[in-house]
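Okay, structure first, notes after.
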There are 2 protein chains.
Amino acid sequence: METIFITPKIISQKCRYALRAIFELASRHTTEAVKISEIASSQAISPRFLENILVELKQAGFVMSKRGNDGGYILNQPAEKLTVGQVIAFMQGAVKYNAVPAYDIDSARNGDYAFSRLWQRLNDSISSIYSNTTFADLVKEETIAAKDYVPNYVI
Amino acid sequence: METIFITPKIISQKCRYALRAIFELASRHTTEAVKISEIASSQAISPRFLENILVELKQAGFVMSKRGNDGGYILNQPAEKLTVGQVIAFMQGAVKYNAVPAYDIDSARNGDYAFSRLWQRLNDSISSIYSNTTFADLVKEETIAAKDYVPNYVI
DNA sequence: AAGTATTCCTATAGGCTTAGTAGGATATTA
DNA sequence: TAATATCCTACTAAGCCTATAGGAATACTT
């Protein structure tokens, strides 16, 4: 089967940063607030850009924030319940996404029905993956991989 | 399951026009060349824009062309063999698509592995749909739908 | 051979989206 | 009140996408 590499295009950089930021919080398993600068350096994101993103994520209810000296961000939902789909839907939706136009028999052109179905199948398939992947899943997958890949250090 | 409508964003307008143009040729089941203007009006595409698209599709080998008075375009491959994936891969690839970056243990950040896997699953899922849908499938689906939806004409 | 119809090729421009930056306000803690 | 860090709004530069345009090449017709 031919592989068509399109995924990075589906998800904007901003959205991927959002996913990474939440992943970072989830992977720390901590109740302490994590600073923007920490997340930014750990995930290689422009701190100033990440700032804006985290504000949005807070407004969406994905994270909580704390200001002041020991301020930072904390997950506002259990990583086991939070799916990548929720975050993607919010981030991409926030910038106005085009919906698949509904099939309208009256103004239909040759092919409208068949293509509408095709796009629908695609959406369903993508949504299925998105909504079945939690951040806990990702953290677990990453942890297992890290364990497998430990190099042979000479101490 | 939450549905995230993203499909139109994955596929550029140009690419969708390309799919529509090929669909139009496939659905005519004819050996005669079809003019750009016919395809354009039938599929509601700017004729001038479609011109460029068809030249690309010709260079890719999907269609043949004939110039002059009875000129136009003809499918160059059987609709049963030609998949939407082939066309999409060419059209999107032609404008330089980003590949999913390979996972590199040396420069890896926390999450690289898990996200790389996620995007890969997504790509596989999408590719599977694309490469299992031929234009013959689409034409057939459209034909069946049209039959079902025939209104009660009074002649 | 001339005329007409059509595809072919290259360039370009306007509009929209995105990524990233900046300044200053607000809140928290000590 | 001083220090630290989040919060909010606005802005800009760059890139991409859609669509258009002019003219060249080719094929058919008469």
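The CD atom of B:E32 sits 14 Å away from the P atom of C:dT6 (whole-angstrom rounding). With rounding to whole Å, B:I53 atom CD1 is found 8 Å from D:dA19 atom P. If you measure from atom CG of A:L57 to atom P of D:dC8, you get 13 Å, rounded to the nearest angstrom. B:M64 has its CE atom 19 Å from the P atom of D:dT26, to the nearest Å. Distance, A:I74 CD1 to D:dT6 C1': 13 Å, rounded to whole Å.
Residue contacts for A:Q59: at a heavy-atom cut-off of 4.0 Å it reaches the sugar-phosphate backbone alone, with no base atom in range.
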Per-pair distances, 0.1 Å, donor-acceptor, side chain in residues 74-82 of chain B, under 3.5 Å, sequence neighbours excluded:
from	atom 1	to	atom 2	distance (Å)
B:N76	ND2	B:G61	O	3.1
B:Q77	NE2	B:G61	O	3.2

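Under the 3.5 Å distance criterion, with hydrogens and angles disregarded, a donor-acceptor pair is assigned to the side chains of B:D137 and B:T134. B:S125 and A:S125 form a side-chain donor-acceptor contact under 3.5 Å, judged by distance and modelled atom types alone.
A salt bridge links B:E51 with B:R48; the closest basic N to acidic carboxylate O contact falls under 4.0 Å. Classification of A:R28 and A:E24 as a salt-bridged pair holds, one side-chain N sitting under 4.0 Å from a carboxylate O.
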At a cut-off of 3.5 Å, list every protein nitrogen or oxygen paired with a nitrogen or oxygen from nucleotides 3-5 of chain D, distance to 0.1 Å.
from	atom 1	to	atom 2	distance (Å)
D:dA5	O4'	A:G68	O	3.0

Report, one pair per line, the protein and nucleotides 19-22 of chain C atoms (nitrogen or oxygen only) whose separation is under 3.5 Å.
from	atom 1	to	atom 2	distance (Å)
C:dA19	OP1	A:Q13	N	2.5
C:dT21	OP2	A:S46	OG	2.6
C:dT21	O4	A:N52	ND2	2.8

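Here the side chain of A:Q86 pairs a donor or acceptor atom with the backbone of A:T83 at under 3.5 angstrom. In this structure, the side chain of A:N132 engages the main chain of A:S128 through a donor-acceptor pair within 3.5 Å. With hydrogens and angles disregarded, no donor-acceptor distance shorter than 3.5 Å links the side chain of B:N123 to the backbone of B:Q120.
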